[in-house]
Amino acid sequence: MSILKIARMGHPVLRVRARAVDPDEIPTPEFQRLVDDMIETMREYQGVGLAAPQVHHCLRLFVAAIGGDHDDDDDAGEAIVLVNPEIRPADGPEVEDWEGCLSVPDLRGLVPRADAILVNALDREGMPVELRASGFSARVLQHEADHLDGVLFLDRMRSLASLTFLEEYSRFWGKEPVVEE
Ligand code: NI
């Protein structure tokens with residue numbers, strides 16, 4: 001496996017709508033290797049999610065580590081792999097919370113998101129998956145899905161007034177570490 005280079009804000013690959021993955025591509029060694037490399041890259045940079053456009057692949061694919069206990073560094077959780085995800089809000093409020101992004105390093109901002117969502121996608125075997133997520137997990141999945149449409153968390157902020165460098169975030173706002181996605 002390899003650690004992949006992460007595109008940073010300003011690279012055009014982060015601003016285009018990624019193409020759907022052909023289900024016939026999923027079992028290929030190239031695709032499976034990309035998935036493995038994305039998981040390894042996400043872990044290397046201690047991210048909680050990583051979308052294919054962030055590693056220069058314009059595909060509707062992302063990985064996320066939302067299953068584990070985030071207070072325990074040794075338990076990163078099983079990474080979930082979602083291909084061609086479709087996300088819709090479930091009933092419930094929008095909530096604002098802090099986000100960061102591996103493609104927008106060292107910045108944090110308050111982003112409104114649906115607190116609960118329903119997701120339909122394919123897994124890395126090409127099997128349909130349906131899941132419901134809420135809270136932190138729902139936030140991560142919405143952030144990653146946005147990457148597939150060329151959207152960054154900055155675009156979702158109601159106001160740039162909360163935009164904060166990491167050092168100032170820790171100093172003035174941090175109640176707990178915010179992970180990058
Ligand atoms: Ni991100």
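All residue numbers refer to positions in the sequence shown, counting from 1. Only this structure's heavy atoms are used, side chains among them; waters, hydrogens and symmetry mates stay out. In listed order, ligands and their atoms are each counted from 1.
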All side-chain hydrogen bond (donor to acceptor under 3.5 Å, both in side chains) counterparts of E96, not counting sequence neighbours
R158
Measure the shortest side-chain to side-chain distance between H147 and L152 over non-hydrogen atoms and say whether it is less than 4.5 angstrom.
yes
I'd like to check the side-chain contact (heavy atoms from CB on, under 4.5 Å) partners of V151; sequence neighbours left out, ordered by chain and number.
D146, D149, D155, R156
Knowing that exactly one of Q142, E94, H143, R139 qualifies, which makes a side-chain contact (heavy atoms from CB on, under 4.5 Å) with V111?
R139
Using a strict cut-off of 2.8 Å, how many protein N/O/S atoms surround the Ni ion (ligand 1)?
4
Tell me whether the rings of W98 and W173 are parallel (<30°), tilted (30 to 60°) or perpendicular (>60°).
tilted
What's in the same ILVMFWY side-chain cluster as V35, cut-off under 4.5 Å, chained through other members?
I3, L4, I6, V21, I26, F31, L34, M38, I39, M42, Y45, L50, V55, L59, L61, V63, V81, V83, L102, L122
